[in-house]
Participant: 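Below you will find the structure I want to go over with you.
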Amino acid sequence: MTVTAAPPAPATAPPTAPASRSRLRHHGATLALLAPAGITVVALVLVPLALVVRNSLAAPDAYGGVQGGFTLANYRELIDPVYLKVFGYSLGMAALNTVVCLVLGYVVSYWLAGRPPQRQGILLLLIIVPFWTDFLVRTFAWINLLSPGGPVNALTDAVGLTDGPAQWIPSQGASFIGLVYAFLPTAIFPVYATLRGVDPSLGEAARDLGCGWWRVHTKVLLPLVRPGLLAAALLTFIPTLGVFVIPVLLGGGKNQLVGNLIVTLYTEFRNQPMGAAASVVLLALMILSAAVLGTAARRLRRKAS
């Protein structure tokens, strides 16, 4: 019996020249479109970041400039209780501001989502319009509002909470009010966008089954809007760490955030390596915060799926 060998498989034909040229043109066009964005990121983000990291490892000269060399002394100096107090205060203030903004943002978002659709756009516009004004101008506006004899003082006098001029500014409370005012819209929009996707009949069904107001929100609505709450926390907590204008103008610079510490190290102490080291630590705290919130968001998506 004769066994006939199977014919060999035909070799794959190499791509034709027109196909190769088309693929190269496609890759070239893609690189040409991405080149401006890539150059911008490298020039305005990566290069300055590399310079800051390098300066944080250098020694200062007699005038506070960068002398060169390689040392970890700048990071060791940040372990001083004076600097640790600033970092701890910044983290606590950022966490408190985030919690307050999330609570107020959820309440406002829930109220907005319950309005007629034709009115929601107008209400959102009213929230956005004040923030078309420069950030510094809005901060100075709070100085006028909270100053002795100002509108807020007149209101508290009218309701009997104060009697005469009240000195509310500069103070830690005024600084916190400014932080809430600055970051509340960034907490409202993600929560509102998530609530818009929740079927309103879910809350009505829960109330029909005997759930009170508190259980409707804690057991039904809040679990559904957790992704929006995490996004709002990310957009609130991280920027609060780097704020420096509000504590100076409304708080008088008495209780500094990390942003104020960095400005002080660069301008008043004239110690660029120390300021760069504080900037790197602040960046590390921001990355860590984003990683924690991102991990929480991924776990929520896995549970939902």
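Throughout, residue positions are numbered sequentially from 1 according to the sequence presented. For clarity, every value in this text was computed on a predicted model and none was experimentally measured.
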Participant: Considering all heavy atoms of both residues, which atom of Ala276 and which atom of Val52 are nearest to each other, and what is their separation?
Facilitator: CB-O, 3.4 Å
Participant: As a quick check of understanding, evaluate side chain to side chain contact (heavy atoms under 4.5 Å, CB included) for Val47 and Val42, giving each step before the final call.
Facilitator: CA-CA 6 Å; Val47 172; Val42 171; 4.1 Å; yes
Participant: Would you check if the side chain of Ser289 reaches a backbone N or O of Ile238 as a donor-acceptor pair within less than 3.5 Å?
Facilitator: no
Participant: Spell out, as yes or no, whether a donor-acceptor pair under 3.5 Å connects the side chain of Asn260 to the backbone of Leu257.
Facilitator: yes
Participant: Do Met93 and Leu241 come close enough that some side-chain heavy atom pair is under 4.5 Å?
Facilitator: no
Participant: Does the side chain of Ile262 reach to within under 4.5 Å of the side chain of Phe244, using non-hydrogen atoms?
Facilitator: no
Participant: State, with a plain yes or no, whether a side-chain heavy atom of Ile143 is found less than 4.5 Å away from one of Leu249.
Facilitator: yes
Participant: Using the rule given for side chain to side chain contact (heavy atoms under 4.5 Å, CB included), can you reason through Leu112 versus Ile127, listing the C-alpha separation, both sets of side-chain angles and the distance that settles it, and then say yes or no?
Facilitator: CA-CA 11 Å; Leu112 286 174; Ile127 296 175; 3.9 Å; yes
Participant: Show me the pairs that pass ring-ring contact (aromatic ring centres under 6.0 Å, His included) and involve residues 169-195, at least two apart or across chains.
Facilitator: Phe131-Tyr181, Trp142-Tyr181
Participant: Under 4.5 Å between side-chain heavy atoms, counting indirect links through other Ile/Leu/Val/Met/Phe/Trp/Tyr residues: same cluster for Ile246 and Ile169 or not?
Facilitator: yes
Participant: For Pro185 and Ala182, work out which heavy atoms get closest and say how close.
Facilitator: CD-O, 4.0 Å
Participant: Checking Arg138 side chain against Thr133 main chain: does a donor-acceptor pair fall under 3.5 Å?
Facilitator: yes
Participant: Can you check whether Phe140 reaches Asp134 side chain to side chain, under 4.5 Å on heavy atoms?
Facilitator: no
Participant: Taking atom SG of Cys101 and atom CG of Leu179, what is their separation to the nearest 0.5 Å?
Facilitator: 8.5 Å
Participant: Within a strict 4.5 Å, meaning less than it, do heavy atoms of the Tyr83 and Val281 side chains meet?
Facilitator: no
Participant: Check for a donor-acceptor pair, side chain of Thr236 on one end and backbone N or O of Thr98 on the other, with a separation under 3.5 Å.
Facilitator: no
Participant: Where the side chain of Asn55 meets the backbone of Leu51, is there a donor-acceptor pair that is under 3.5 Å apart?
Facilitator: yes
Participant: Does the side chain of Arg76 reach to within under 4.5 Å of the side chain of Thr71, using non-hydrogen atoms?
Facilitator: yes
Participant: Considering only heavy atoms from C-beta outward, does the side chain of Pro190 approach that of Leu235 to under 4.5 Å?
Facilitator: yes
Participant: Ala232 and Val191: which non-hydrogen atoms are nearest, and at how many Å?
Facilitator: CB-CG2, 4.1 Å
Participant: What are the two closest heavy atoms between Ala277 and Tyr75, and how far apart are they?
Facilitator: O-CE2, 3.9 Å
Participant: Would you say Leu84 and Leu78 are hydrophobically clustered, going by side-chain heavy atoms of ILVMFWY under 4.5 Å?
Facilitator: no
Participant: Membership question, hydrophobic clusters at under 4.5 Å side-chain separation (ILVMFWY): are Leu195 and Val107 in the same one?
Facilitator: no
Participant: Are Leu123 and Trp111 close enough, and set up right, to give a side chain to side chain contact (heavy atoms under 4.5 Å, CB included), and what steps lead you there?
Facilitator: CA-CA 10 Å; Leu123 294 173; Trp111 181 80; 3.6 Å; yes
Participant: Can you tell which of Asn97, Leu96, Leu91 makes a side-chain contact (heavy atoms from CB on, under 4.5 Å) with Thr240?
Facilitator: Asn97
Participant: To the closest 0.5 Å, what do you measure between CG (Leu230) and OG1 (Thr194)?
Facilitator: 9.5 Å
Participant: Could you tell me whether the side chain of Arg270 and the main chain of Tyr266 form a donor-acceptor pair under 3.5 Å?
Facilitator: no
Participant: Answer yes if Val180 and Ile128 sit in the same cluster of Ile, Leu, Val, Met, Phe, Trp and Tyr residues linked by side chain heavy atoms under 4.5 Å apart, and no otherwise.
Facilitator: yes
Participant: Flag yes if more than 12 heavy atoms outside Arg196 fall under 6.0 Å of its CZ atom; otherwise flag no.
Facilitator: no
Participant: With side chains defined as the heavy atoms from C-beta onward, is the minimum distance between Lys85 and Val82 less than 4.5 Å?
Facilitator: no
Participant: Look only at the side chain of Ser147 and the backbone of Asn144, and say whether a donor-acceptor pair between them is shorter than 3.5 Å.
Facilitator: yes
Participant: Side chains of Ser56 and Asn74: do they bring a donor and an acceptor to under 3.5 Å?
Facilitator: no
Participant: Do Ile188 and Tyr106 pass the side chain to side chain contact (heavy atoms under 4.5 Å, CB included) test, and can you show the C-alpha distance, the side-chain angles, and the key distance before you say yes or no?
Facilitator: CA-CA 7 Å; Ile188 291 176; Tyr106 176 79; over 6 Å; no
Participant: Nearest heavy-atom pair of Met274 and Glu77: which atoms, and what distance?
Facilitator: SD-OE1, 3.6 Å
Participant: For atom CZ of Arg54, decide whether the heavy atoms of other residues, nucleotides or ligands shown that lie under 6.0 angstrom number more than 12.
Facilitator: yes
Participant: For the pair Ser175 (side chain) and Ser171 (backbone), establish whether a donor and an acceptor sit closer than 3.5 Å, ignoring hydrogens and angles.
Facilitator: no
Participant: How far does OG1 of Thr186 sit from CG of Leu184, to the nearest 0.5 angstrom?
Facilitator: 7.5 Å
Participant: Write down the atom of Leu265, the atom of Phe269, and the distance for their closest heavy-atom approach.
Facilitator: CD2-CD1, 3.5 Å
Participant: Is Leu136 reachable from Val263 through a run of I, L, V, M, F, W or Y residues, each pair having side-chain heavy atoms under 4.5 Å apart?
Facilitator: yes
